[in-house]
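Just so you know, these numbers use all the heavy atoms, side chains as well, and skip hydrogens, waters and symmetry mates. For this chain, numbers begin at 1 and follow the sequence in order. Counting convention: from 1, in listed order, for ligands and their atoms alike.
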Amino acid sequence: MLTIAVSKGRIYEDALPLLEEAGIVPIDDPKKSRKLILQTSREDVRLVIIRATDVPTFVEYGAADMGIAGKDVLLEHGAENLYEPLDLGIAGCRLMTAAPVGAPPISGRIRVATKYVKTAQSYFADLGIQAEIIKLYGSMELAPLVSLADCIVDLVDTGNTLKANGLEARDLITHITSRLVVNKASMKMKHRDIQPLLDQFEVTLQQRNNS
Ligand code: AMP
């Protein structure tokens, strides 16, 4: 049995066609079912649909053999115990700093609200900016509006969320896409099952790039 951990939400939606190309179609719809383990059209493959930040943990401990997670989550978590063989090119967005529209440029000693504590810390340290990082678990956009922070570090896709809250994107930290990660022991022990899946994903990605 192969267990694949997939981040809930947009990543799951974007991963479905890729999985389908590999013959993996979930039998239940996670939006309608409360099941945490989804059986699939392949008897030997099951999916666990979990919070994005939990995907590397499941894969690292071998609770899932493979996972699909955003690079943002992998950067923050650290991925030393995982293989990251494929950039799936899905759920693309940018990790950026953002501040209230018209606020002065980010400089001096600042407070930054984010859920990406380590990534933000190392980003501002590299720039020589003294940043106090305030960990939040969601609604980062609120922080500058109520003077909790001067700026935020968050994912930006269309920019609509920032705009709706009077914020603007400032500096690009890095481009983000979802990656396939594989547990190191599974890669060895279940190579015969995992390698064909990796090959199929690669073929699909090639076809997408060529079309
Ligand atoms: P947008 O308004 O389109 O710029 O989207 C920004 C909001 O969606 C923020 O709350 C982000 O945290 C979230 N978001 C955008 N892209 C992604 C992604 N690829 N994966 C997860 N969350 C995302």
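Under the 4.0 angstrom criterion, atom 9 (C) of ligand 1 counts as having a protein heavy-atom contact.
The environment of K32 atom NZ is sparse: at most 12 non-hydrogen atoms of other residues, nucleotides or ligands sit within 6.0 angstrom. Within a 6.0 Å sphere centred on CZ of R208, heavy atoms belonging to other residues, nucleotides or ligands number more than 12.
Ranking protein heavy atoms by distance to atom 2 (O) of ligand 1, first place goes to T161 OG1, 2.5 Å. Protein heavy atom in closest approach to atom 18 (C) of ligand 1: C93 SG, 3.7 Å. The closest protein non-hydrogen atom to atom 15 (C) of ligand 1 is D157 CB, 3.8 Å. For atom 1 (P) of ligand 1, the closest heavy atom belonging to the protein is T158 OG1, 3.3 Å. Scanning the protein for heavy atoms near atom 20 (N) of ligand 1, the closest one is L155 CD1, 3.8 Å.
Residues I37 and Q39 are in side-chain contact: their nearest non-hydrogen atoms beyond the backbone lie under 4.5 Å apart.
When all heavy atoms are compared, the tightest approach of V153 to M140 is O-CG, 4.4 Å.
Contacts between A91 and ligand 1 below 4.0 angstrom, taking non-hydrogen atoms only, involve backbone and side chain alike. Counting heavy atoms under 4.0 Å from ligand 1, residue E141 touches it through the side chain alone. With a heavy-atom cut-off of 4.0 Å, D154 touches ligand 1 through its side chain alone.
At least one donor-acceptor pair under 3.5 Å links the side chain of T204 to the backbone N or O of Q200.
Each of the following atoms of ligand 1 lies closer than 4.0 Å to a heavy atom of N160: 2 (O), 4 (O). Less than 4.0 angstrom separates some heavy atom of G159 from each of these atoms of ligand 1: 1 (P), 3 (O), 4 (O).
Considering CG of L162 and CG of L155, their distance stands at 10.5 Å, rounded to 0.5 Å. I68 contributes atom CD1, which lies 10.0 Å from atom CG of L86 (distance to the nearest 0.5 angstrom).
Seen from the ring of Y137, K135 counts as a face-on cation partner, given the 6.0 Å and 45° thresholds.
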